[in-house]
2 protein chains.
Amino acid sequence: MPTPDVSPAAHLIAARGGRVTRARIAVLEILQDSPRSLNHDDVAARLAADGMPHDRVTLYRTLDWLVEQGLAHRIIGPDRARRFKAGGETRSQHAHFHCDRCGHVLCLESIRPEEQFALPAGYQPERAELVFHGTCADCGRQRGTKA
Amino acid sequence: MPTPDVSPAAHLIAARGGRVTRARIAVLEILQDSPRSLNHDDVAARLAADGMPHDRVTLYRTLDWLVEQGLAHRIIGPDRARRFKAGGETRSQHAHFHCDRCGHVLCLESIRPEEQFALPAGYQPERAELVFHGTCADCGRQRGTKA
DNA sequence: GCAACTAATGCAACATTGTAGCATTAGCCG
DNA sequence: CGGCTAATGCTACAATGTTGCATTAGTTGC
């Protein structure tokens with residue numbers, strides 16, 4: 001059987017024909033471990049916490065590569081910074097929820113906007129992005145909590 | 001009757017209690033004249049074309065002021081730049097269409113996403129942003145044209 | 001295991017978008 | 001017209017992302 005000491009993340013990377021570097025494995029695992037999307041700073045902080053700090057540029061390129069390979073996808077946050085999440089585009093159609101209280105971004109994969117709306121004549125949609133803003137389930141429960 | 005040589009834009013500005021400056025009038029008229037949203041560069045270019053170039057910072061502040069006063073609203077484009085449009089938030093709920101061909105952003109005021117979706121329990125949406133990506137009616141007609 | 005090949009990395013410098021501080025200009029009001 | 005001060009414009013700066021290039025380190029063939 002295939003060597004079991006190689007992480008699933010490493011397998012995914014190798015399957016794309018890219019080199020299996022520590023940076024890519026670490027970044028992909030960080031994204032996979034997080035239930036919400038992360039920006040560059042978040043990822044950099046976790047890399048540093050794991051004892052493997054990387055250059056800012058490397059991080060940008062690594063994340064771009066993951067997106068290019070379909071191993072992650074990105075959305076633009078309200079602070080005009082990009083946020084990344086593992087798992088590709090989820091068949092290209094799903095909604096997000098931005099929590100205005102804690103700032104987290106979650107994917108609502110059950111909601112598929114494209115199927116629901118009729119656009120004016122002449123418009124040819126290829127992709128729809130539906131983002132809700134409000135309070136997430138976590139923050140709703142702990143109403144008094146700050147952060 | 002009230003002096004008819006004052007533009008409607010000037011009236012709107014005066015009604016907010018702000019000073020009626022050439023910059024504000026010009027910027028607001030530019031936004032009102034455009035059927036689609038504009039970024040800072042677009043507005044600056046039109047100001048220059050009208051013979052009244054302004055400082056970049058002034059433009060940022062003028063646009064922020066208009067948003068603050070409810071005379072315009074802004075959205076974040078896919079290039080992480082802000083785009084502005086006259087008319088406030090249109091009752092806070094409407095969709096946008098990003099044309100991937102010409103880069104324009106149009107408002108689809110007839111589509112109101114919030115009314116259509118049921119979120120998972122615990123999520124409290126306050127605002128929904130629905131963005132379609134694809135080809136707009138103009139670009140769809142002139143298929144060969146290179147924008 | 002070693003050498004070679006080259007993708008990936010890391011550094012420095014730059015680009016774009018947006019902000020802050022402060023002196024000057026110009027609306028507004030009496 | 002004169003004074004008050006909001007608005008402007010300049011300079012410098014901050015945050016986010018990109019480019020070029022020398023170095024490092026996966027990978028492959030032997």
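Quick note on labels: first sequence line is chain A, next is B, and so on, each numbered from 1. Model, not experiment: these values are computed from the prediction.
Nearer the 5' end of DNA chain D, as judged by each residue's closest nucleotide, is the contact made by B/Arg56, out of B/Arg56 and B/Arg80. Comparing A/Pro53 and B/Asp64 against DNA chain C, the residue whose closest nucleotide sits nearer the 5' end is A/Pro53. Residues A/Thr58 and B/His40 both approach DNA chain C. Their nearest nucleotides, taken by heavy-atom distance, put A/Thr58 toward the 5′ side.
Comparing D/dC10, D/dT5, D/dG17 against the side chain of B/Arg19 picks out D/dT5 as the nearest.
Close to C/dT9, at under 4.0 Å from its OP1 or OP2, lies a side-chain N or O of A/Thr62.
Side-chain atoms of A/Arg24 come within 3.5 Å of backbone N or O of A/Arg19 as a donor-acceptor pair.
Nucleotide C/dT17 holds its P atom 7 Å from the CG atom of B/Asp79, rounded to whole Å. Note: CG (B/Asp41) to P (C/dA15) measures 15 Å, nearest angstrom. Distance CD1 (B/Ile76) to C1' (C/dG18): 11 Å, rounded to an integer number of Å. Taking atom OH of residue A/Tyr60 and atom P of nucleotide D/dG20, one finds them 18 Å apart after rounding to whole Å. Regarding A/Arg82, its CZ atom lies at a distance of 14 Å from the P atom of C/dT16, rounded to whole Å. Rounded to whole angstrom, the span from the CZ atom of A/Arg16 across to the C1' atom of D/dG26 amounts to 19 Å. Following rounding to the nearest Å, B/Leu59 (CG) and C/dT17 (C1') show an atom-to-atom distance of 12 Å. The NE2-P distance, from A/His54 to C/dA7, rounds to 19 Å in whole Å.
A distance of 10.5 Å separates CD of A/Gln32 from NZ of A/Lys85, quoted to the nearest 0.5 Å.
Only one option out of A/Asp42, A/Thr62, A/Thr58, A/Leu59 pairs with A/Leu47 in a side chain to side chain contact (heavy atoms under 4.5 Å, CB included); it is A/Leu59. The only option from B/Leu31, B/Val27, B/Leu66, B/Leu63 that meets the side chain to side chain contact (heavy atoms under 4.5 Å, CB included) definition with B/Leu71 turns out to be B/Leu66.
Using a 4.0 Å heavy-atom criterion, one finds that A/Thr21 contacts the sugar-phosphate atoms exclusively.
The base of D/dT18 lies outside donor-acceptor range of the side chain of A/Arg61, with no N or O pair under 3.5 Å. Between the base of D/dG26 and the side chain of A/Arg24 there is no donor-acceptor pair shorter than 3.5 Å.
Ring-plane geometry between A/Tyr60 and A/His40 is classed as tilted, the angle between the planes lying from 30 to 60 degrees on a 0 to 90 degree scale.
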